[in-house]
Amino acid sequence: MRKRFLNISYILTFLISSIISISYVFAADKVSCGNVTDIPTKIPELTNMAINILQIAAPAILVVMGMIDFFKAMSSGKEDEIKKNQNIFIKRLIIAVLIFFIVVIVKFAISLIANALDTKNITSCINCFINNKCN
């Protein structure tokens with residue numbers, strides 16, 4: 001099981017690094033985020049891509065791993081194994097949902113702080129790096 005997981009993680013790492021290296025071209029365009037200027041446009045693009053991949057791949061891997069564990073327990077037929085793996089599967093589902101919604105939760109918290117401070121720099125930086133909507 002661990003060997004399969006390592007193989008899957010190696011494949012995902014290779015795919016992600018390939019996508020990044022293929023699409024990474026130094027651009028003359030610069031963006032600004034608050035008081036910081038001259039940020040290459042590829043940095044927010046890569047951040048956005050990494051967040052999107054994390055939001056999709058991590059929950060999918062957790063759900064698949066949970067399904068495999070649950071199937072193994074069901075095929076063994078032992079009642080205590082089924083209960084144990086059912087609890088693990090539920091925990092993995094909760095973690096997958098949290099990973100998927102963590103970006104939304106962080107953006108919401110930062111927007112609350114930005115509204116309390118009456119500043120738009122924070123929200124513009126968040127939109128730039130997470131949503132790739134830079135000025």
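It should be emphasised that the depicted structure is a prediction, and the values quoted were computed from it without experimental measurement.
- Closest approach of Ile82 and Ala73 over heavy atoms only: CG1-O, 3.5 Å.
- Contact annotation: the side chain of Ile90 approaches that of Ile94 to within less than 4.5 Å [non-hydrogen atoms, C-beta and beyond].
- Going from atom CD1 of Ile130 over to atom CG of Asn52 covers 10.0 Å, rounded to the nearest 0.5 Å.
- Atom CD1 of Ile43 is separated from atom NZ of Lys30 by 8.0 Å, given to the nearest 0.5 angstrom.
- Within the structure, ring-ring contact (aromatic ring centres under 6.0 Å, His included) pairs that include any residue of residues 96-115 do not occur (at least two apart or interchain).
- Note on Phe71 and Phe89: separate hydrophobic clusters, where clusters join Ile, Leu, Val, Met, Phe, Trp and Tyr whose side-chain heavy atoms are under 4.5 Å apart, directly or indirectly.
- The closest side-chain heavy-atom distance from Val103 to Gln55 is below 4.5 Å.
- Taking both residues in full, the closest heavy atoms of Leu62 and Arg92 are given as O-CD, 3.8 Å, listed atom of the first, atom of the second, then distance.
- The shortest side-chain heavy-atom distance between Leu46 and Met49 falls under the 4.5 Å cut-off.
- In this structure, OG1 on Thr47 lies 12.0 Å from CG on Asn131, to the nearest 0.5 angstrom.
- Using a 4.5 Å heavy-atom threshold, the side chains of Val63 and Leu93 count as touching.
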Would Leu98 and Ile102 count as a side chain to side chain contact (heavy atoms under 4.5 Å, CB included) if you check the C-alpha gap in whole Å, the side-chain angles of each, and the deciding distance to 0.1 Å?
-> CA-CA 6 Å; Leu98 287 175; Ile102 193 75; over 6 Å; no

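- Every residue meeting the side chain to side chain contact (heavy atoms under 4.5 Å, CB included) condition with Pro44, not counting sequence neighbours, appears here in chain and number order: Val31, Ile39, Cys128, Phe129, Asn132, Cys134.
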